[in-house]
Amino acid sequence: MAICLMAISHVSATYYIIKTFENYSSKSTKGKEGDLKEKGLKRVECFAGLIGSKVNKPDAIFYKADGTDKTGAIKTVNSRRNTAQALQEKIGVEAQEISGDDAQLANIKTTLLDANKINNAIFVWSDKEKATKLATALGATNAPAEFAKENYGYIWAIDGTSLKEVTMDCEGLENTETKNEDGKDTQSSGAVSVRYSVMTVAAAIIASLYLLF
């Protein structure tokens, strides 16, 4: 079981936004699209370990409904659902699908949360600007411009109008992942590729000069 620590003493936030934990993509040859990878499952364990101490026990778990493809058809894979249901199994709180469209977000606090007397809630949401729209709808006045795609170990914790970015600090995992499915660091691989290209060009120039002289 993964052990998790927090970088701050206590978070009293009512609402928590997390992105989908690590899951297999449609191009993966190692697992079914949308299923949680080993790292994703470890993060579920890690997050559950924060409940009751660093994170308030939720009254509900919500996840953004299936998106649509370029043709307007409903996507058959919703990785957010997989993360939400994994958390449901681990902490015993029902995961519920909500549309998360602009119309719902406009009144989400009154019609969904207050109306159902939900004080503490977890939202498994799309990253980037969509998470920002949710955070703003939940009352945050200082939401970042986006929830970075690579920040699997981050939690947006909202208490009133204040949003804090909290790191999960899961043992054996990075809060910001930069490795691909083969375990290679994508940034390092890119750097190696650039260095190799530069060396190749340099070698070609030297060879040309040698032939000229």
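FYI, the numbering just counts along the sequence from 1. Note that the coordinates shown come from a computational prediction; the quantities given were computed from them, not determined experimentally.
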If you measure from the Lys or Arg side-chain nitrogens to the Asp or Glu carboxylate oxygens, is any gap between Asp66 and Arg81 under 4.0 Å? yes
Closest heavy-atom contact between Ala84 and Ile61? CB-CG2, 4.0 Å
Please list, chain by chain and in numerical order, all residues satisfying ring-ring contact (aromatic ring centres under 6.0 Å, His included) with Phe147, sequence neighbours excluded. Trp156
So if you build clusters from Ile, Leu, Val, Met, Phe, Trp, Tyr with side-chain heavy-atom gaps below 4.5 Å, do Ile18 and Leu36 land together? yes
Side-chain donor/acceptor of Asp127 to backbone N/O of Lys19, under 3.5 Å: no
Residues in side chain to side chain contact (heavy atoms under 4.5 Å, CB included) with Ala106, at least two apart? none
For Ser28 and Ser25, indicate whether the former's side chain and the latter's backbone hold a donor-acceptor pair under 3.5 Å. no
Donor-acceptor check, side chain of Asp59 to backbone of Leu113, threshold 3.5 angstrom: yes or no? no
Exam field: side chain Asp101 to backbone Gln104, donor-acceptor pair closer than 3.5 Å: yes
Would you confirm whether Tyr16, through its side chain, and Asn56, through its main-chain N or O, come within 3.5 Å as a donor-acceptor pair? yes
Heavy atoms only: give me the nearest Glu146-Glu129 pair and the separation to one decimal. CB-N, 4.2 Å
Is Lys37 salt-bridged to Glu177, going by a charged N under 4.0 Å from an acidic O? no
Is it true that a side-chain atom of Thr176 and a backbone atom of Glu150 form a donor plus acceptor pair closer than 3.5 Å? no
Among residues at least two apart in sequence or on other chains, which ones pass ring-ring contact (aromatic ring centres under 6.0 Å, His included) with Phe62? Phe123
